[in-house]
Amino acid sequence: MQFKKAFINYPYRKFNFAEILLIWISERLTRSQFLILSGILVGLTAGLGGVVLKVIVHHIQVFINTEVPFEERMYIYAIFPVVGITLTALVVKYFFKGDEDKELSFVLKDISQNQSKIKPSKMYSQIIQSGITVGFGGSVGLESPIAITGSAIGSNYAQRYRLGFKERTLLLASGAAAGIAAAFNAPIAGIMFAFEILLTGLVFTDFIPLVIAAICGSLLSTVILDEDILFNFEAREVFNHLNIFYYIILGLLTGLYARYFLIVGQKVHEFFDRFGKRVILKAIVGGSLLSLLCVAFPPLFGEGYLNIKILHQGNAVNLIHESFFKYFGDSQLIILIFLALATLLKAFATSITLGSGGNGGNFAPSLVAGGFLGYAFGFALEMIGFQDVPVTNLMLVGMAGVMSGALYAPLTAIFLIAETSSGYDLFIPLMTVSVIAYVVNRFFSPINPAYNKLAAEGKIFTTRQDQNILSQISLKDCINPASLVLHTNESMDEVMQKFRNSDQNSMAVINDNNQFLGILNREHLRPYLLGKKPADEITVSHLAIKPSFIINQTDSVMEVTKMFDEADVWQLPLLDENKKFCGFISRSKILTNYRTLLKDYSE
């Protein structure tokens with residue numbers, strides 16, 4: 001009877017037995033206890049999704065790279081990428097109704113603008129699309145789609161059980177952390193990823209569910225994934241403090257390369273934006289360019305982790321033998337040129353894949369490019385004649401450096417490499433390289449260039465708390481409910497009577513078509529109200545003045561506050577796209593909403 005009574009208000013047909021049981025349990029647990037249980041369930045679900053995707057794509061690429069002869073593999077490199085990107089574009093267009101949101105920026109936007117509510121389709125769309133793209137050789141990674149999938153799982157779980165904004169955001173981040181932890185078997189890196197990228201500008205005191213979700217994702221990875229699938233690098237050199245100068249130089253190199261990586265991404269995206277809605281043509285052009293790059297440089301095919309493992313084993317010459325460069329010989333100079341070109345072209349291969357319609361992320365490409373760069377740097381030092389160069393260590397910390405600079409996530413990069421290489425003794429070089437690369441990129445842009453536009457518009461959270469709070473306020477909530485209008489056909493007696501019966505200092509003037517003409521202030525009308533000037537010689541249209549600023553519905557509250565500061569007024573008119581008056585935005589209403597949200601942030 002208690003069970004039935006607890007759910008008398010719930011529509012049974014919309015819930016299965018497991019959900020009903022979970023809701024019943026939630027009624028008997030404290031908030032903290034239910035969040036811990038939720039962290040376990042979200043972590044296991046998100047981790048399982050990530051593990052399944054990694055296993056499928058890994059076995060496809062292992063088969064291509066090890067079972068298919070070199071001559072036949074060239075045909076795969078020439079055909080698969082264009083087919084994969086085209087298929088992804090078709091799936092997006094016809095199965096997901098043109099929903100092309102595939103980057104972490106849209107998750108950040110949903111946190112800020114949509115109360116951490118992500119569309120249910122994101123729980124599976126990213127796995128399908130990225131599986132096709134990367135499985136067919138797209139030069140991107142699976143980690144960002146896995147993180148987005150986990151975020152969607154956490155968000156929709158919280159929505160299903162009617163949790164508040166903070167709980168939704170926490171479980172959203174928990175899903176992402178579990179996905180990253182499962183992909184690398186690195187729970188701390190998953191947690192750092194959530195805090196550095198998704199929870200920027202947010203304050204949480206209850207982060208235990210996040211930790212538990214990451215642990216669950218990592219445990220699934222340990223249990224299910226084989227050792228050859230996991231991103232592990234056990235063998236390495238012992239850190240020697242005398243080599244610190246190498247790491248300082250590598251930090252500068254990885255920082256500059258990360259900047260190059262980001263700029264190439266922006267330019268390539270601008271190029272493909274010219275195709276507009278011709279998504280199939282864009283996919284064919286981009287896929288063809290990627291196919292050419294993969295034929296010339298096979299390490300650009302797919303995620304690229306297998307190539308990093310080959311370098312880790314000291315078999316750089318094997319990369320040459322599996323490409324057309326084998327016809328130039330396998331001298332040290334050829335190997336160095338090949339690695340340098342592969343590193344430079346990795347940025348183009350990744351940007352082309354994403355810009356032309358493929359689905360994936362920069363996580364794996366930044367790691368792979370950093371590994372190539374670090375190994376090439378160490379290899380060059382040995383060629384010059386330096387002794388005891390820690391090439392493997394340089395490769396590992398190079399991965400952390402490029403990732404730190406390209407993703408603006410130094411802590412995630414440090415802990416990811418430390419966990420996957422059991423390299424906690426490498427913390428000093430990891431921190432040195434990652435911080436230098438991060439500082440170099442911060443010098444060029446305070447935040448990740450991929451988020452610059454959204455941050456400027458106030459559509460995502462940043463480290464500026466006042467901006468984060470303002471971005472959550474809706475203009476509709478700031479309209480003065482007492483906003484009044486004057487029509488041009490009204491007599492001055494009617495106008496003055498409205499002012500006498502109202503405490504408003506400003507009224508909007510509109511014509512017969514409801515088009516906004518200006519405002520009329522009590523100050524301008526005062527001589528007529530006091531009888532100092534005759535009112536029968538003037539009309540409303542003559543007295544109406546243009547306001548200092550006009551607010552459009554697309555303006556953010558942050559932009560509106562700047563207008564108020566410059567105009568030094570308490571009300572400004574809000575117009576729709578047809579220039580019709582919607583009401584006065586009240587400065588005091590913005591301040592009231594701001595104080596309310598600030599109180600919520602502080603609790």
Side-chain angles (χ1 to χ4, degrees), residues 38-58 101-108 110-111 116 118-131 133-134 140-158 168-199 207 209-225 229-231 303 305 359-367 403 407 409 412-413 415-416 419-420:
S38 301
I40 294 172
L41 296 176
V42 169
L44 290 173
T45 309
L48 183 61
V51 166
V52 169
L53 181 59
K54 290 285 286 187
V55 168
I56 293 173
V57 173
H58 173 81
D101 289 331
K102 58 190 176 186
E103 297 179 358
L104 285 170
S105 57
F106 96 83
V107 176
L108 300 178
D110 278 338
I111 293 174
S116 295
I118 300 178
K119 291 184 289 187
S121 61
K122 294 297 181 184
M123 291 190 289
Y124 52 88
S125 65
Q126 296 297 299
I127 289 181
I128 296 172
Q129 295 170 28
S130 62
T133 298
V134 183
V140 288
L142 297 169
E143 291 78 23
S144 291
I146 289 172
I148 293 171
T149 300
S151 299
I153 289 171
S155 172
N156 282 274
Y157 172 94
R168 279 197 304 274
T169 306
L170 182 59
L171 291 179
L172 179 154
S174 298
I180 295 298
F184 292 105
N185 190 22
I188 300 177
I191 295 169
M192 292 297 106
F193 171 83
F195 277 113
E196 278 193 304
I197 296 180
L198 297 181
L199 298 180
F207 54 86
L210 181 67
V211 175
I212 291 175
I215 292 172
C216 290
S218 183
L219 283 174
L220 270 178
S221 177
T222 304
V223 172
I224 298 176
L225 295 184
I229 301 178
L230 289 172
F231 188 70
E303 287 183 290
Y305 290 141
N359 191 303
N362 288 330
F363 221 109
S366 64
L367 290 172
M403 180 182 171
L407 272 66
T412 304
F415 282 100
L416 176 63
E419 286 185 283
T420 55

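Keep in mind that the numbers below use all heavy atoms, side chains included, and drop hydrogens, waters and symmetry copies. Predicted model, so just to flag it, every value in this text is computed and none were measured.
Scanning all heavy atoms of the two residues, the minimum distance from Asn156 to Ile118 falls at ND2-O, 3.1 Å. Nearest heavy-atom pair, Ser116 versus Leu172, reported as atom, atom and distance to 0.1 Å: O-CD1, 4.0 Å. Contact between Ile148 and Val107 at its shortest, heavy atoms only, is CG1-CG2, 4.1 Å. Taking every heavy atom of both residues into account, Pro187 and Ala181 meet most closely at CA-CB, 3.7 Å. The shortest heavy-atom contact between Pro145 and Gln126 is O-CB, 3.7 Å. Of all heavy-atom pairs between Leu171 and Val42, the closest is O-CG1, 3.9 Å.
Applying the side-chain contact (heavy atoms from CB on, under 4.5 Å) criterion to Thr412, with sequence neighbours excluded, gives Met192, Phe193, Glu196, Phe363, Met403, Ala409. Here Glu103 pairs with nothing under the side chain to side chain donor-acceptor pair (under 3.5 Å) rule; sequence neighbours left out. Every side chain to side chain donor-acceptor pair (under 3.5 Å) that Ser218 has, sequence neighbours left out, goes to Asn185. With sequence neighbours excluded, the residues satisfying side chain to side chain donor-acceptor pair (under 3.5 Å) with Ser155 are Gln159. Annotation: side chain to side chain donor-acceptor pair (under 3.5 Å) contacts of Ser151 (sequence neighbours excluded): none.
Separating the CG atom in Asn359 from the CD1 atom in Ile128 is a distance of 10.5 Å, to the nearest 0.5 Å. To the nearest 0.5 Å, atoms CD1 (Ile191) and CD1 (Ile180) are separated by 12.5 Å. Taken to the nearest 0.5 Å, the CG atom of Leu170 stands 11.5 Å off from the CG atom of Leu198. The structure places CG of Leu53 at 11.0 Å from CG of Leu48, a figure rounded to the nearest 0.5 Å. Here the SG atom belonging to Cys216 is positioned 4.5 Å from the CG atom belonging to Leu44, to the nearest 0.5 angstrom. Distance check, rounded to the nearest 0.5 Å: CD1 of Ile197 to CG of Leu108 gives 8.0 Å.
With hydrogens and angles disregarded, no donor-acceptor distance shorter than 3.5 Å links the side chain of Glu143 to the backbone of Ala183.
Lys54 forms no cation-pi arrangement with Tyr305, by the criterion of a distance under 6.0 Å to the ring centre and an angle within 45° of the ring axis.
Residues in residues 172-183 take part in no side-chain hydrogen bond (donor to acceptor under 3.5 Å, both in side chains) pair, two or more places apart or across chains.
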